[in-house]
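Worksheet for the structure shown next.
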2 protein chains.
Amino acid sequence: MPRVGLSQAEIVNTATEFVNEFGLEQLSLGKLAQQLKVKPPSLYNHIASLEELKNQLNLKALRLLKQDLLKATVAKTHEEALKGFAYSYRSFALKNPGLFHATLRTVEDREQAIKQEGHEILELILIILKGFGLEGNSALQATRSLRASLAGFVLLELNEGFGMPLDMNESFEKHLQGMIISLSSFLTEG
Amino acid sequence: MPRVGLSQAEIVNTATEFVNEFGLEQLSLGKLAQQLKVKPPSLYNHIASLEELKNQLNLKALRLLKQDLLKATVAKTHEEALKGFAYSYRSFALKNPGLFHATLRTVEDREQAIKQEGHEILELILIILKGFGLEGNSALQATRSLRASLAGFVLLELNEGFGMPLDMNESFEKHLQGMIISLSSFLTEG
DNA sequence: CCTTAAAACTAATATTATTAGTTTATAAAC
DNA sequence: GTTTATAAACTAATAATATTAGTTTTAAGG
């Protein structure tokens with residue numbers, strides 16, 4: 001019966017393009033409505049708020065990222081899988097800076113779908129770490145460490161926070177080598 | 001000759017308290033003016049813009065952080081100095097979440113003072129790494145890796161991005177162990 | 001064809017940063 | 001002690017922000 005114009009998916013898609021081009025913090029409903037050739041209040045027929053839209057971006061980002069990570073790790077030895085994971089993670093962030101930024105947002109307890117995706121990525125890491133002999137508590141600790149190292153590197157790279165004239169690819173490769181070696185320290189429980 | 005009321009320092013101090021309590025993204029000139037019992041436009045007699053105020057917070061944060069780091073690393077062996085650096089870094093971030101957040105802002109080329117502070121912290125790391133036998137390009141690469149690992153961990157901790165019921169202190173200790181071990185991989189040039 | 005429900009709209013409110021222009025207080029000069 | 005210059009604080013205004021309420025439009029189902 002109703003008018004068929006916009007859809008939530010279309011809004012999220014346009015928002016995705018926007019944040020990847022101009023940055024998450026530049027996103028506003030006014031600019032978004034302009035791109036969609038619609039007045040700002042019309043967006044509220046499809047999304048609850050700007051915050052909710054950002055949560056949608058978070059969710060979309062995690063789903064896409066998970067797909068990439070799965071492709072990059074399937075049918076590989078543990079070390080190659082870990083490398084594939086890391087390269088894929090960084091590559092996703094560099095190609096989708098706005099979406100990546102959205103994945104780092106603090107999320108409320110009720111956002112179950114987002115937590116679910118995050119949990120599945122965590123489990124992917126745990127499977128890889130099993131190949132390194134890491135299980136249980138040690139594996140969880142190692143996961144935290146890996147996540148921190150990866151996210152930190154990519155975040156600083158995106159924010160141009162390094163500021164030194166060093167090749168980023170080489171830096172990442174060495175960082176990854178260090179991450180792999182560091183895993184040995186998680187093997188000894190205690 | 002003029003009225004002597006506010007000062008830039010006072011504004012920055014109040015902003016510091018505010019962001020540490022409510023978060024950097026909650027900072028607005030309206031709320032700040034309210035706390036200072038002043039109308040928002042009055043702030044422009046002392047600061048150029050909200051952006052500039054955030055840069056001031058960035059600068060203040062780096063100066064305080066540098067002080068902490070120096071105290072935590074002076075007169076120690078290289079490994080103890082690195083540990084001191086790491087613990088001090090994390091401790092600063094946990095005690096001053098808003099200020100720490102401000103240090104991660106992307107900064108323009110003209111903000112020389114901020115770059116200067118960042119550079120001095122970098123040099124502190126390089127001195128520590130010399131004790132590990134790291135110099136030149138290897139040391140710079142290792143610095144990037146350390147910065148990424150540290151900032152990533154603290155950022156995820158502040159954002160409650162880990163989400164697992166694991167003791168954060170233990171996680172950080174193991175993460176740090178891993179960081180130290182990973183340094184060996186930066187020793188071999190190539 | 002007509003009803004209905006949702007989508008898009010207009011109008012409005014409140015908060016944001018910021019600029020222009022005016023008033024005021026006070027420290028220095030006389 | 002009075003005057004005066006000056007910077008600080010003010011009021012008023014603009015433009016952008018998110019959001020809500022209420023109205024109009026439109027397209028699909030009966």
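If you're wondering where the values come from, they're calculated on a predicted model, not measured in any experiment. The sequence lines fix the lettering, A, B, ..., with proteins before strands; numbering per chain opens at 1.
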Rounded distance in Å - [atom1] ([X]) to [atom2] ([N]):
X	N	atom1	atom2	value
B:Tyr44	C:dA17	OH	P	7 Å
A:Leu6	D:dT26	CG	P	15 Å
B:Gln8	D:dA9	CD	P	13 Å
A:Glu10	C:dA8	CD	C1'	14 Å
B:Leu29	C:dA14	CG	C1'	17 Å
A:Gln34	D:dA18	CD	P	12 Å
A:Gln26	C:dA17	CD	C1'	14 Å
A:Leu43	C:dT10	CG	P	14 Å

| message | Does the plane of the ring in A:Tyr89 sit parallel, tilted or perpendicular to the ring in A:Phe85? Use 30° and 60° as the thresholds. | response |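 Rings of A:Tyr89 and A:Phe85: parallel, under 30°.
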Ring-plane angle category for A:His175 and A:Phe153, please: parallel below 30°, perpendicular beyond 60°, tilted otherwise.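 A:His175 vs A:Phe153 ring planes: parallel.
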Q: Could you check which of D:dA9, C:dC9, D:dA12 has an atom nearest any side-chain atom of B:Val38?
A: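 Side chain of B:Val38 sits closest to D:dA9.
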Q: Look at the side chain of A:Leu50 and decide which nucleotide, out of C:dT10, D:dT19, C:dA17, has an atom nearest to it.
A: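 Within the option list, the nearest is D:dT19.
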- Pair of N/O donor and acceptor under 3.5 Å linking C:dA8 base with A:Asn45 side chain: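 Between C:dA8 and A:Asn45, which were checked side chain against base, a qualifying N/O pair under 3.5 Å is present.
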* To do: May I ask you to verify if any side-chain N or O of B:His46 is less than 4.0 angstrom from the OP1 or OP2 atom of D:dA9?
  =>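 For D:dA9, OP1 or OP2 has a side-chain N or O of B:His46 closer than 4.0 Å.
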Query raised in the report: Quick one: on DNA chain D, does B:Ser7 or A:Leu27 contact a more 5' nucleotide (nearest heavy atom)?
Result: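 Of the two residues, B:Ser7 wins.
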Which sits closer to the 5' end of DNA chain D, B:Pro41 or A:Pro40, going by the nucleotide each is nearest to?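 Nearest-nucleotide comparison on DNA chain D picks B:Pro41.
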Next on the checklist: A:Lys66 vs A:Glu123, test: salt bridge (Lys or Arg N to Asp or Glu O under 4.0 Å). Steps then yes/no.
Outcome noted: CA-CA 11 Å; A:Lys66 187 180 75 179; A:Glu123 290 200 322; over 6 Å; no
- Task: Would you check if the side chain of A:Asn159 reaches a backbone N or O of B:Thr106 as a donor-acceptor pair within less than 3.5 Å?
- Result: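 The answer is no, because no donor-acceptor pair under 3.5 Å joins these two groups.
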Looking just at side-chain N and O atoms, do A:Lys60 and A:Asn13 make a donor-acceptor pair shorter than 3.5 Å?
->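 Yes.
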Notebook entry, point to check: Base, sugar-phosphate alone, or nothing: which one does A:Ser28 contact when heavy atoms must sit under 4.0 Å apart?
Noted result: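 Sugar-phosphate only.
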